[in-house]
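Heads up, the thing below is written out as C-alpha cells.
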Amino acid sequence: MGFNNTNLSAKDRIVLALDTDSLEEVERLVNLLKDYVGCFKVGPQLFTSCAYDAIDLIKNLGGNVYFDGKFHDIPSTVAKAGSNLIKRGVTTFSAHLAGGSKMLTTTVKVARETAKKYNMPKPTILGVTLLSSFGQRTLTEELNVKMNIDEYVSHLTYLAQESKIDGVIASASEAKRIRKEFSDEFIILCPAIRPTWSVVNDQIRVVTPADAIRAGVDYMVVGRPITAAEDPIAAANMIIDEIEEASKTLQI
Ligand code: C5P
C-alpha cells in the first residue's frame with residue numbers, strides 16, 4: 001500500500017502509531033483496529049524490539065504498514081534501506097529532508113526501480129521537515145540556522161518537492177501554508193493529534209482531528225488517544241466521526 005491522497009475516507013486518514021515493544025500488543029491492536037484505521041505506523045521503538053516480525057505480523061493480519069524510520073545517512077545507505085523495505089513489502093517510509101537533495105533523489109530513484117522490479121505499488125516517501133521537539137532557540141543556537149521555523153519548514157518542503165519526495169510530515173500550523181503553496185497531490189501527514197476528549201500526554205503543540213482537516217492535512221498520526229483509551233474502537237469511531245464532520249464543512 002502507498003499513501004494516495006485522493007478520495008480518502010476518514011478511516012484511511014488515520015495512521016495508528018504502534019509505540020510498543022511487544023508482538024502480543026501488536027497482534028492485539030491490529031486485530032482490534034484494522035477496520036478502523038488506514039495503516040499502522042512502525043517506528044524505531046517497535047522495530048528495534050521486534051524488527052520484521054512486527055512488520056510481517058501486521059501484514060499477515062491484514063494491516064497496512066508505514067515505516068517511520070526517519071532515515072538520515074549518506075545517499076547510498078538510505079537508498080539501500082528503502083530498497084530493503086520495499087523488498088519486504090513496505091512501500092511507505094520516511095526520511096529526513098535535512099539529508100539533502102542527493103540523499104532524497106537517490107532514495108526516490110532506487111525505491112521506484114525496486115518497486116517496479118518486484119511488482120510492488122509505487123512507493124510513498126515522506127520527508128521530515130523539523131521535529132516538533134525543536135523550537136526556534138534550538139534551531140538558531142544549536143543548528144545555527146538563520147531562518148525562523150516557518151521559513152525553514154518551507155525551505156525544506158521545496159527541497160522535498162524538487163527531489164520528488166511525495167509529501168512531508170508537518171504540524172497543522174505549517175500544513176495550512178504548505179497546502180496553499182504546493183499542489184493538492186503533495187501529501188501532508190500531521191502528528192500530535194488530540195481530540196478534545198483525550199489526554200495531551202507529552203505532546204506540546206497539539207491539534208484536534210477537525211482542525212487538522214481544516215488545515216489541509218491528508219493523514220494524521222494518532223497513538224495514545226486510541227491505544228490508551230478504555231475502548232479503542234469507540235475512540236477510533238469518534239475520531240472518524242470528527243474527520244467526517246470537518247470534511248463536510250470543507251466541501252460546502
Ligand atoms: O498520539 P501519540 O502522541 O501517542 O503519538 C505518538 C507518535 O507520534 C509517536 O510514534 C511519534 O513518533 C509520533 N510523532 C510525534 N511528533 C512528531 C512526529 C511524530 O509525536 N513531531
Side-chain angles (χ1 to χ4, degrees), residues 3 13-22 25-26 28-30 32-33 36-50 54-55 58 63-72 90 92-99 124-136 138-139 143 149-150 152-153 156-157 160 165 167-175 178 187-213 215 217-230 232 234-236 238-240 242-243:
F3 282 170
R13 293 180 185 275
I14 303 175
V15 176
L16 190 89
L18 285 177
D19 292 321
T20 171
D21 293 339
S22 124
E25 182 67 353
V26 170
R28 185 184 76 82
L29 288 168
V30 176
L32 193 64
L33 294 163
Y36 302 88
V37 302
C39 80
F40 294 90
K41 181 172 96 79
V42 175
Q45 181 188 349
L46 181 55
F47 196 75
T48 50
S49 169
C50 306
I55 289 178
I58 298 166
N64 296 312
V65 177
Y66 159 48
F67 186 74
D68 188 24
K70 297 190 176 77
F71 296 134
H72 190 167
V90 178
T92 308
F93 60 93
S94 61
H96 272 277
L97 296 170
T124 305
I125 305 173
L126 298 182
V128 179
T129 52
L130 185 69
L131 294 173
S132 52
S133 47
F134 271 80
Q136 188 63 54
T138 17
L139 184 67
L143 298 193
I149 288 183
D150 284 351
Y152 188 59
V153 168
L156 288 176
T157 306
I165 288 286
V168 290
I169 303 154
S171 73
S173 57
E174 293 149 3
I178 294 170
I187 295 167
I188 305 175
L189 176 133
C190 175
I193 298 291
R194 287 292 180 274
T196 48
W197 45 263
S198 66
V199 178
V200 171
N201 309 109
D202 52 357
Q203 297 284 17
I204 297 172
R205 288 178 296 144
V206 298
V207 68
T208 65
D211 284 342
I213 291 295
V217 164
D218 299 300
Y219 294 91
M220 44 191 93
V221 175
V222 188
R224 289 160 292 182
I226 295 178
T227 57
E230 211 161 285
M238 283 201 283
I239 295 175
I240 288 173
E242 186 174 335
I243 293 173

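These numbers come from a predicted model, not from an experiment. Numbering of ligands and ligand atoms starts at 1, following listing order. Counting from 1, the numbers follow the sequence of the chain as shown.
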Residue, atom and distance of the protein heavy atom nearest atom 20 (O) of ligand 1 read Q203 NE2, 2.5 Å
Return the residue, atom name and 0.1 Å-rounded distance of the protein heavy atom closest to atom 14 (N) of ligand 1. P191 CB, 3.7 Å
Checking [X] side chain against [Y] main chain: does a donor-acceptor pair fall under 3.5 Å?
X    : Y    : result
T124 : F3   : yes
T157 : V153 : yes
R194 : V199 : yes
D218 : I188 : yes

Sub-4.0 Å heavy-atom approach of [X] to ligand 1:
X    : result
G43  : no
L131 : no
N201 : no
R194 : yes

Can you name the atoms of ligand 1, numbered from 1 with element, that are less than 4.0 Å from a heavy atom of [X]?
X    : answer
V221 : 8 (O)
P225 : 1 (O)
R224 : 1 (O), 2 (P), 3 (O), 4 (O)
K41  : 9 (C), 10 (O), 11 (C), 12 (O), 13 (C)
A17  : 7 (C), 10 (O)

With a 4.5 Å limit on heavy-atom distance, are the side chains of [X] and [Y] in contact?
X    : Y    : answer
L16  : F40  : yes
D21  : L46  : no
I14  : I243 : yes
I58  : L18  : yes
Y219 : I187 : yes

Is D19 close to ligand 1, meaning an N/O of one under 3.5 Å from an N/O of the other? yes
Would G223 count as being in polar contact with ligand 1, using the rule that some N or O on each side must be under 3.5 angstrom apart? yes
With backbone taken as N, CA, C and O and side chain as the heavy atoms from C-beta onward, which portion of S171 lies under 4.0 Å from ligand 1: side chain, backbone, both, or neither? neither
Is the contact between S132 and ligand 1 made by the side chain, the backbone, both, or neither, using heavy atoms and a 4.0 Å cut-off? both
Residues D68 and Y66: side-chain donor-acceptor under 3.5 angstrom: yes
